[in-house]
Number of protein chains: 2
Amino acid sequence: MSQNLNGDRAHSAALKKSAKEADGRLARGDKTRAALLDAAFDEIYEHGFQSASLANILRAADCTKGSLYHHFPDKHALGLAAARANIGDHFQRMWFTPLATTEDPLTDIANCIQQYIDNGDERLFRLGCPLQNLSQEMSPIDEEFRLFLAETFANWRSALTSALSRGVDNGTVCQTANINQIAALVIASHQGNIGTLKATRDFSLAHDAMAALFSYLNTQRPAST
Amino acid sequence: MSQNLNGDRAHSAALKKSAKEADGRLARGDKTRAALLDAAFDEIYEHGFQSASLANILRAADCTKGSLYHHFPDKHALGLAAARANIGDHFQRMWFTPLATTEDPLTDIANCIQQYIDNGDERLFRLGCPLQNLSQEMSPIDEEFRLFLAETFANWRSALTSALSRGVDNGTVCQTANINQIAALVIASHQGNIGTLKATRDFSLAHDAMAALFSYLNTQRPAST
DNA sequence: TAAACTAGACCAACCGGTCGGTTTTAAAGA
DNA sequence: TCTTTAAAACCGACCGGTTGGTCTAGTTTA
């Protein structure tokens, strides 16, 4: 077994190649691999991992079974690699980057959340959050998926707490605030809000939950003296 | 087509019979029907609707295909009936009954939530909330499921708001409180909390979120004068 | 020429669903 | 009380289709 952490078969070679292609174009094999990851993520996002059809993925990636099973040992490895590639990017863009340097975390956390509800695309409202979907489906039945998802939650949490901790230091967050509790409620209420929206399609409910969270966040500011 | 709202085929006859059996024992047909609903709910709770196997359900209910398709037109109707039967009961017991007559809604809402985290069974933590699982999986792909789930959310919400409204009247909830916002945050954060717990298995995170919610709820009490 | 990659026919297992037939049940008739 | 009868309930072999996965052969690339 010469599998690496990404669960693919031909990655060491692919790395060698893509390192060579300094102009940004992908080598043939890497292009197929990337197309498979994209198609797999889309299919899994739409139907869940267990109901995701390899035939659909193959069609979307314009690729055949032989190629797929050259790049990945099985469906499980493909799904995990697709999740890693996409979910990481998403959290980086939506949370980690905005919070990495913020000087007013309570405001910017609220902005992150508002971003989802007000500027979310159609897929977000119809399909929800990929992290949450995979958590629901895969956590109980696959430990490898669960560990990756738990790790993502942990990263999310520490991005929130370190931003909040900076806020305590610079005086935008109350000294007595419990930053672990704030982070936990942000995560839970945001996840629950996106998830609930999927079934209810009731934006007023989502806006109410968001407003309540914001009013809670505002109680965590220092008393204006 | 002589189907009723429960999506079964043989219910009118079953009703006639069970009405006769005043001693509480179920007629043969009703017993298999109930066994099917139980087994279907368990299988769907464990694996999701799409991955639920009729063969497994049949084995658990000790019943054959012919029986199943005598009582229900298809897998979809079975799943929907199983969800209706179980989720309704659950919410009645956990939320509607405790909140129906409470004189101190903020306290009793907190108690409901605490009940889940502190006295939840193994399945709750491993598999999460059935309402949420079904919402995630079925809302995007099946309108009939979605409507049932949305209705359940709506009932939950109005149980919360009417309890809170009673609290405003009797002075246990602040006059200026926005009860819709409170209800929305309770639902979102509770759902998100249960869902997150499934992947992280981190009870400290769940307790933190709960503590934050409770501190928010306490800000909604009247100022003690 | 060796390794990486692509191709797609093929496979057993399982899927939800159908259907002709048998057994059980309860009410009606004698 | 016993018999008849029709419907309700149950049975399980069978069906076409799909699933994830395998395998051999051929092509491209370095």
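Chain letters run A, B, ... following the sequence lines, proteins first, then strands; residues in each count from 1.
- Distance Arg33(B) CZ to dA8(D) P: 15 Å, rounded to the nearest Å.
- Between Lys31(B) and Asp62(B) there is no salt bridge, since no side-chain N of the basic residue sits under 4.0 Å from a carboxylate O of the acidic one.
- Not one side-chain nitrogen or oxygen of His70(B) sits closer than 4.0 Å to the OP1 or OP2 atom of dC10(D).
- Between Tyr116(B) and His90(B), the ring center distance clears the sub-6.0 Å criterion.
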Tabulate atom names and distances for all N/O pairs under 3.5 angstrom spanning the protein and nucleotides 14-21 of chain D.
unit_1: dT19(D); atom_1: OP1; unit_2: Ser53(A); atom_2: OG; d: 3.3
unit_1: dG20(D); atom_1: OP1; unit_2: Ala52(A); atom_2: O; d: 2.6
unit_1: dG20(D); atom_1: OP1; unit_2: Lys75(A); atom_2: NZ; d: 3.0
unit_1: dG20(D); atom_1: OP2; unit_2: Leu54(A); atom_2: N; d: 3.0
unit_1: dG21(D); atom_1: OP2; unit_2: Tyr69(A); atom_2: OH; d: 2.7
unit_1: dG21(D); atom_1: OP2; unit_2: Lys75(A); atom_2: N; d: 2.8
unit_1: dG21(D); atom_1: O5'; unit_2: Tyr69(A); atom_2: OH; d: 3.3
unit_1: dG21(D); atom_1: N7; unit_2: Lys65(A); atom_2: NZ; d: 3.0
unit_1: dG21(D); atom_1: O6; unit_2: Lys65(A); atom_2: NZ; d: 2.6

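- The distance from atom CZ of Phe214(B) to atom CG of Leu185(A), rounded to the nearest 0.5 Å, is 11.0 Å.
- Taking the centre of each ring, Phe148(B) and His76(B) stay at or above the 6.0 Å mark.
- Between the CG atom of Leu68(A) and the CZ atom of Arg33(A) there is a distance of 11.0 Å, given to the nearest 0.5 Å.
- Contact annotation: His71(B) side-chain N/O to dC10(D) OP1/OP2 distance is under 4.0 Å.
- Residue Arg59(B) contributes atom CZ, which lies 16 Å from atom P of dC11(D) at whole-angstrom precision.
- Note on ring orientation: taking the six-membered ring where Trp is involved, the planes of Tyr45(B) and Phe41(B) are tilted (angle from 30° to 60°).
- Dashed line: the shortest gap from a side-chain N or O of Ser67(A) to OP1 or OP2 of dC5(C) is not under 4.0 Å.
- In this structure, Thr32(B) does not reach the dA9(D) phosphate: none of its side-chain N or O atoms is under 4.0 Å from OP1 or OP2.
- Look at CZ on Phe72(A): it is 15 Å from P on dT22(D), rounded to the nearest Å.
- In this structure, Leu68(B) atom CG and dC19(C) atom P are separated by 16 Å, rounded to whole Å.
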